[in-house]
S.K.: 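If you scroll down you'll find the structure; I have some questions about it.
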Amino acid sequence: MIDIIEEHHNSSSIAIYQDDLCISYKELNNKVNNFFVNLQTSTICLIIGSNTINTIAFYIACLRRECIPLLLSPSMSKYYLDIYIKNYKPTYIFSEPELINGATGKEDYTITELVKTKLKSRLIPSLLLTTSGSTGNPKVVKITKKNLVSNTKDIINYLKINNNSRHITTLPINYTYGLSCINTHLFSGGSIILNNYSIIQKDFWDLVNRYNPSSISGVPYTYELLYRLGLSKLNLESIKIFTQAGGKLSPEILKHFFDYCNKHGKEFIVMYGQTEATARMSYLPYKNLKAKLGSIGLPVPSGSFTLVDTSKYDSISNNKVGELVYKGPNVSAGYAENFLDLEISGEEKQILYTGDLAYIDKEGFTYLCGRKKRFAKLNGIRVSLDDVESCINVHIKSIAISDDKFIHIFIERNDEIDDTLMSKLKESLKNFNIPIIVYKFKIIDSFPRSQSGKIKYSEMLKS
């Protein structure tokens with residue numbers, strides 16, 4: 001059993017702010033108990049919710065009851081939702097009313113009860129998170145109690161989160177980084193300011209002005225927007241710590257934030273993580289940001305990094321390059337693709353081959369320099385380029401490549417290409433729930449290939 005608010009059940013301190021509401025830990029615990037009594041242990045629950053008090057209370061109730069929550073994006077299409085229901089046989093679906101069959105009611109949520117299907121084994125995960133962002137691939141990561149607790153404590157330790165910390169959300173609860181921010185602040189007795197607005201909206205800044213958060217977290221795009229808005233024009237007075245993960249931020253913007261933080265007595269912490277490691281694997285201490293610009297930093301306190309296959313890659317500045325391998329108690333119990341895969345062995349090796357190429361300098365700081373596998377990470381959402389290609393290839397042969405800002409889709413020139421076809425391609429990509437402007441189509445005469453006939457992906461962006 002996991003209860004991330006266990007030490008604060010009877011506290012009168014504010015746990016969550018939502019719009020004009022604020023509730024104490026005691027009040028939150030009462031909400032959790034109201035859900036808890038109606039759940040069954042060893043069942044699956046799909047949670048399709050935004051950042052709301054009830055979504056968080058229901059999530060905590062699932063953890064406490066050992067009813068396994070699978071968090072999904074509210075923007076997921078019904079097509080992919082039906083796949084998850086078929087594959088994982090959930091007993092419950094928790095959702096905001098309009099997301100399930102157009103249900104309405106006085107509450108801001110609805111609970112749909114399906115067939116009661118229980119796992120027989122006691123060795124089961126505590127939490128399920130998706131691996132593919134919004135592409136709808138039903139493969140999920142099996143997070144255990146040990147994974148969740150160890151990573152939560154590590155993050156609290158190095159970010160010095162305590163009961164005075166007040167965090168405003170910018171990321172959805174179904175995204176591992178966003179969920180981690182919620183876990184760490186509630187576990188430590190801090191406060192969460194729930195936000196579902198973009199940082200370019202006035203409503204977001206109204207929340208900042210009203211509740212004075214002490215920290216904010218974001219993916220690269222979050223900080224690109226803040227940079228464009230102009231830090232000096234924004235009310236960032238209460239914010240003492242900025243944290244960033246979910247991809248690489250440009251050196252120019254990192255330097256800008258360093259100068260700003262240095263001048264105003266704030267800190268900017270770069271981090272690195274994957275869902276398979278529960279949330280975060282490394283952090284770059286603020287004091288090292290300028291000297292180690294571009295680094296993902298040091299492993300979290302309970303983890304370690306090594307490199308493998310260094311003979312396959314060219315060195316960088318006399319540093320060996322290889323696939324980055326992480327070891328730590330936060331490494332998940334593997335993957336599941338359906339209900340039958342959910343049991344765990346209890347003998348996990350706690351080692352994660354990240355798929356990222358990296359080097360480690362003589363002072364132990366790690367730098368990423370490429371990807372071994374074909375996936376893109378766009379604003380914290382991991383997208384399978386093979387999934388994108390498969391979607392387009394139903395209509396016409398394509399190649400998808402990402403530069404971590406856009407997904408470039410290349411098509412060989414032929415007579416079939418017209419406005420009607422291009423409209424079909426764009427329409428089919430909507431199921432991925434990524435803004436269409438992320439996709440850049442390019443028609444070329446032919447795909448570059450090696451002598452063996454393999455497509456030379458590295459040359460595609462040069463076309």
Side-chain angles (χ1 to χ4, degrees), residues 131-132 141 143 146-147 150-151 154-155 157-158 176-177 180 219-220 243-251 254 269-335 347-378 380 382-386 401-404 454 456-458:
T131 64
S132 60
V141 175
I143 307 294
K146 183 178 182 180
N147 299 154
S150 67
N151 202 230
D154 268 348
I155 295 164
N157 182 15
Y158 72 72
T176 184
Y177 182 19
S180 174
V219 294
T243 68
Q244 180 260 313
K248 193 171 184 178
L249 195 57
S250 73
L254 277 174
I269 311 293
V270 174
M271 299 178 296
Y272 166 72
Q274 291 186 2
T275 307
E276 291 85 346
T278 306
R280 290 172 254 185
M281 292 180 278
S282 75
Y283 68 107
L284 179 60
Y286 175 68
K287 65 181 181 180
N288 301 111
L289 178 61
K290 187 174 183 180
K292 301 293 182 179
L293 203 66
S295 172
I296 60 169
L298 306 168
V300 297
S302 64
S304 62
F305 282 138
T306 55
L307 301 174
V308 298
D309 296 333
T310 54
S311 62
K312 294 182 179 180
Y313 307 98
D314 295 332
S315 297
I316 294 178
S317 301
N318 295 320
N319 295 298
K320 291 183 178 179
V321 172
E323 181 180 1
L324 187 64
V325 178
Y326 174 82
K327 183 176 182 180
N330 52 313
V331 175
S332 72
Y335 302 101
E347 300 177 355
E348 285 69 36
K349 296 180 180 179
Q350 299 183 347
I351 295 175
L352 175 63
Y353 289 80
T354 67
D356 287 320
L357 300 179
Y359 66 89
I360 302 173
D361 72 13
K362 61 183 179 181
E363 294 174 296
F365 288 82
T366 301
Y367 295 77
L368 301 184
C369 51
R371 301 191 192 282
K372 185 179 178 183
K373 295 182 179 179
R374 280 188 24 85
F375 61 83
K377 207 166 190 179
L378 300 164
R382 188 164 54 179
V383 183
S384 167
L385 296 175
D386 290 333
I401 296 176
S402 175
D403 57 7
D404 282 355
K454 292 182 179 180
K456 300 167 74 173
Y457 288 91
S458 61

S.K.: Are the side chains of Pro220 and Lys248 in contact, using a 4.5 Å heavy-atom criterion?
M.R.: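 They are not in side-chain contact.
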
S.K.: Looking at OH of Tyr367 and CG of Asn319, how far apart are the two atoms once the value is rounded to the nearest 0.5 Å?
M.R.: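 Tyr367 atom OH to Asn319 atom CG measures 9.0 Å (nearest 0.5 Å).
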
S.K.: Can you check whether Val270 reaches Leu249 side chain to side chain, under 4.5 Å on heavy atoms?
M.R.: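 Of all side-chain heavy-atom pairs linking Leu249 with Val270, none is under 4.5 Å.
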
S.K.: Which atoms form the tightest heavy-atom contact between Pro301 and Asn157, and what is the distance?
M.R.: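 So the minimum-distance heavy-atom pair works out to CG-ND2, 3.8 Å.
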
S.K.: Can you sort out the partners of Asp361 under salt bridge (charged side-chain N to carboxylate O under 4.0 Å, His left out), two or more places apart, ordered by chain and number?
M.R.: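 Result, salt bridge (charged side-chain N to carboxylate O under 4.0 Å, His left out) vs Asp361: Lys292.
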
S.K.: Excluding sequence neighbours, so at least two apart, what forms side chain to side chain donor-acceptor pair (under 3.5 Å) with Asp403?
M.R.: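 By the side chain to side chain donor-acceptor pair (under 3.5 Å) rule, Asp403 matches His408.
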
S.K.: So, taking the atom named CG in Leu254 and the one named CG in Leu293, what distance separates them when rounded to the nearest 0.5 Å?
M.R.: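 The distance works out to 5.0 Å.
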
S.K.: Which atoms form the tightest heavy-atom contact between Val219 and Gly246, and what is the distance?
M.R.: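 In this case the closest contact between Val219 and Gly246 is CG1-CA, 4.3 Å.
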
S.K.: Among residues at least two apart in sequence or on other chains, which ones pass side chain to side chain donor-acceptor pair (under 3.5 Å) with Asp154?
M.R.: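 Counting only residues at least two positions away or on another chain, Asp154 forms a side chain to side chain donor-acceptor pair (under 3.5 Å) with Ser302.
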
S.K.: With rounding to the nearest 0.5 angstrom, report the OG to CG distance, Ser332 to Asn151.
M.R.: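 The distance works out to 11.0 Å.
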
S.K.: Could you tell me which residues satisfy side chain to side chain contact (heavy atoms under 4.5 Å, CB included) with Thr310, sequence neighbours excluded, listed by chain and number?
M.R.: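 Thr310 satisfies side chain to side chain contact (heavy atoms under 4.5 Å, CB included) with Leu307, Lys320 only.
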
S.K.: Would you name the heavy atoms of Pro329 and Lys146 that are closest together and state the gap between them?
M.R.: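 In this case the closest contact between Pro329 and Lys146 is CB-CE, 3.8 Å.
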
S.K.: Taking side chain to side chain donor-acceptor pair (under 3.5 Å) as the test, write out the residues that go with Thr176, two or more places apart.
M.R.: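 For Thr176 there are no side chain to side chain donor-acceptor pair (under 3.5 Å) partners, ignoring immediate neighbours.
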
S.K.: Side chains of Asn288 and Glu363, heavy atoms from C-beta outward: is any pair under 4.5 Å?
M.R.: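 No; the side chains remain at least 4.5 Å from each other.
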
S.K.: What residues form a side chain to side chain contact (heavy atoms under 4.5 Å, CB included) with Ser250, not counting sequence neighbours?
M.R.: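 With sequence neighbours excluded, Ser250 shows a side chain to side chain contact (heavy atoms under 4.5 Å, CB included) to Glu252, Ile253, given in chain and number order.
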
S.K.: Nearest heavy-atom pair of Tyr326 and Gly303: which atoms, and what distance?
M.R.: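 That closest heavy-atom pairing would be OH-CA, 3.4 Å.
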
S.K.: Can you tell me how far apart OG1 (Thr243) and CZ (Arg280) are? Round to the nearest 0.5 Å.
M.R.: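 Between atom OG1 of Thr243 and atom CZ of Arg280 there are 6.0 Å.
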
S.K.: Taking atom CG of Leu368 and atom OG of Ser282, what is their separation to the nearest 0.5 Å?
M.R.: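 Those atoms lie 7.5 Å apart.
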
S.K.: Against Asn330, only a single residue in Ile143, Leu352, Thr278, Ile155 fulfils side chain to side chain contact (heavy atoms under 4.5 Å, CB included); can you say which?
M.R.: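 Among Ile143, Leu352, Thr278, Ile155, the one meeting side chain to side chain contact (heavy atoms under 4.5 Å, CB included) with Asn330 is Thr278.
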
S.K.: Who are the side chain to side chain donor-acceptor pair (under 3.5 Å) partners of Tyr335, not counting sequence neighbours?
M.R.: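 Only Glu276 meet the side chain to side chain donor-acceptor pair (under 3.5 Å) criterion with Tyr335.
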
S.K.: For Thr366, what residues pass the side chain to side chain contact (heavy atoms under 4.5 Å, CB included) criterion, not counting sequence neighbours?
M.R.: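 Here the qualifying residues are Ile296, Phe305, Leu324, Ala358, Ile360.
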
S.K.: How would you list all residue pairs meeting ring pair (Phe, Tyr, Trp, His ring centres under 6.0 Å) that involve residues 278-297, not counting sequence neighbours?
M.R.: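 Qualifying pairs, neighbours excluded: Tyr158-Tyr283, Phe258-Tyr286.
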
S.K.: Could you measure the distance from the NZ atom of Lys362 to the OG atom of Ser317? Nearest 0.5 Å is fine.
M.R.: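 Reported value, rounded in 0.5 Å steps: 11.5 Å.
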
S.K.: Hydrogens and angles aside, do Tyr272 and Asp356 bring a side-chain donor and acceptor to less than 3.5 Å of each other?
M.R.: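 Per modelled atom types, Tyr272 and Asp356 side chains form a pair under 3.5 Å.
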
S.K.: Please list all pairs meeting salt bridge (charged side-chain N to carboxylate O under 4.0 Å, His left out) that have one or both residues in residues 321-333, counting only residues at least two apart or in different chains.
M.R.: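 Listed by first then second residue: Glu323-Lys372.
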
S.K.: Can you name the side chain to side chain contact (heavy atoms under 4.5 Å, CB included) partners of Ala245, sequence neighbours left out?
M.R.: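 If we apply the side chain to side chain contact (heavy atoms under 4.5 Å, CB included) test to Ala245, skipping adjacent residues, the hits are Tyr177, Met271.
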
